[in-house]
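Just passing along the structure, written as structure tokens.
Whatever order the structure lists them in is the order used to number ligands and atoms, beginning at 1.
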Amino acid sequence: MKKKIVVLTGAGISAESGIQTFRGANGLWEGHRIEDVASPEGWKRNRQLVLDFYNLRRRLLLSVEPNEGHKALVELEKKYHVVVITQNVDDLHERAGSSLVLHLHGELLKARSTLDESLIYDWREDITSEDKCELGFQLRPHIVWFGEMVPRMEDAALITEKADIFIVIGTSLQVYPAASLLYFAPSHSRKFLIDPNADELPSKVENLRTIKASATTGVPDLVRLLMSEV
Ligand code: APR
């Protein structure tokens, strides 16, 4: 039976594709306070600002490509059972070719009803104030905002509990519950953390090896190592 690899990714894996990470030096996200553009309160206060913000991000996403980090993870599937759990709302893992991708924080290329969250639509255009679900209610980005439930968290925890190898790439591990997945991986499992900022990330976890590298170099290197072992 193939060994199970679970990969938790964050904004850092897409940074070299040209998508900015969240927690930059000034604490702003593309010039906005996070709570203005990524919270239910922000949406109530200024819906147009939120729509514009995600419309810009969607357009940017459609203009960028997966990088060597995303692509290397696909290679692992030849010898391992691989699940990618991502905090990212981009589709770069899917475009690289990963088969099993669980989006913890939603997907930018989907829109959903503000009335019924089970009404979800593929969406590649801007979302405007004219766009309604089939029941006539405003559409919003299919994104988990601060203060909202993370519906896929339970699935993610169950998957992580079965990992033989757990790999964390490009996340500051500051946002819960996603960050807690590191502690759901079995204590005997081998764990790797790849991040240029690896020194400053939590490392009091059993069997954790930190690799201070960017995704496009660190991930292909680790994949080569893991492929040579089986
Ligand atoms: N390769 C790998 N990692 C990188 C790279 C790179 N080229 N460049 C930056 N990083 C690392 C940073 O060092 C940092 O640890 O990526 C991490 C990005 O951290 P954040 O910006 O906090 O992003 P993330 O952890 O994914 O944020 C979690 O917060 O705003 C919410 O919902 C949003 O999913 C997001 C969540």
Practice item. Might you confirm whether atom CD of Glu125 has over 12 heavy atoms from other residues, nucleotides or ligands at distances under 6.0 Å? Key: no
Point to revise | Shortest reach to atom 18 (C) of ligand 1 by a heavy atom, considering only Ser17, Gly170, Gly10 | key: Gly170
Check your understanding: For Val144 and ligand 1, does the shortest N/O to N/O distance drop below 3.5 Å?
Key ->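 It does not: no N or O of Val144 is found under 3.5 Å from an N or O of ligand 1.
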Exercise for review: Check each of His103, Glu200, Glu16, His105 against atom 32 (O) of ligand 1 and report the one with the nearest heavy atom.
Suggested key: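 Comparing heavy atoms across His103, Glu200, Glu16, His105, the nearest one to atom 32 (O) of ligand 1 lies in His105.
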Review point. Do Ile169 and ligand 1 have an N or O pair less than 3.5 Å apart?
Key: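 No: no nitrogen or oxygen of Ile169 is under 3.5 Å from one in ligand 1.
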Review point. Quick one: which of Ala215, Pro196, Gly106 has a heavy atom closest to atom 3 (N) of ligand 1?
Key: Pro196
Check your understanding: Picking from Glu117, Lys110, Arg112, His105, what satisfies side-chain hydrogen bond (donor to acceptor under 3.5 Å, both in side chains) with His142?
Key -> Arg112
Point to revise | Side chain, backbone, both or neither: Thr21 near ligand 1, heavy atoms under 4.0 Å | key: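 Within the 4.0 Å criterion, Thr21 contacts ligand 1 through backbone and side-chain atoms alike.
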Point to revise | Over 12 foreign heavy atoms within 6.0 Å of CZ, Arg124 | key: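 Check fails, neighbour count at 12 or below.
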Check your understanding: Do the rings of Trp145 and Tyr54 sit parallel, tilted or perpendicular, given the 30° and 60° boundaries?
Key -> tilted
Review point. Is Asp195 close to ligand 1, meaning an N/O of one under 3.5 Å from an N/O of the other?
Key: yes
Check your understanding: side-chain contact (heavy atoms from CB on, under 4.5 Å) between Phe137 and Lys132: does it pass, once the steps are laid out?
Key -> CA-CA 5 Å; Phe137 287 81; Lys132 311 279 195 264; 5.9 Å; no
Point to revise | Atoms of ligand 1 close to Gln87 [distance to a heavy atom under 4.0 angstrom, numbered from 1] | key: 28 (C), 34 (O)
Practice item. Quick one: list whatever passes ring pair (Phe, Tyr, Trp, His ring centres under 6.0 Å) with Phe53, sequence neighbours left out. Key: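 In terms of ring pair (Phe, Tyr, Trp, His ring centres under 6.0 Å), with neighbours along the sequence ignored, Phe53 is linked to Trp29, His32.
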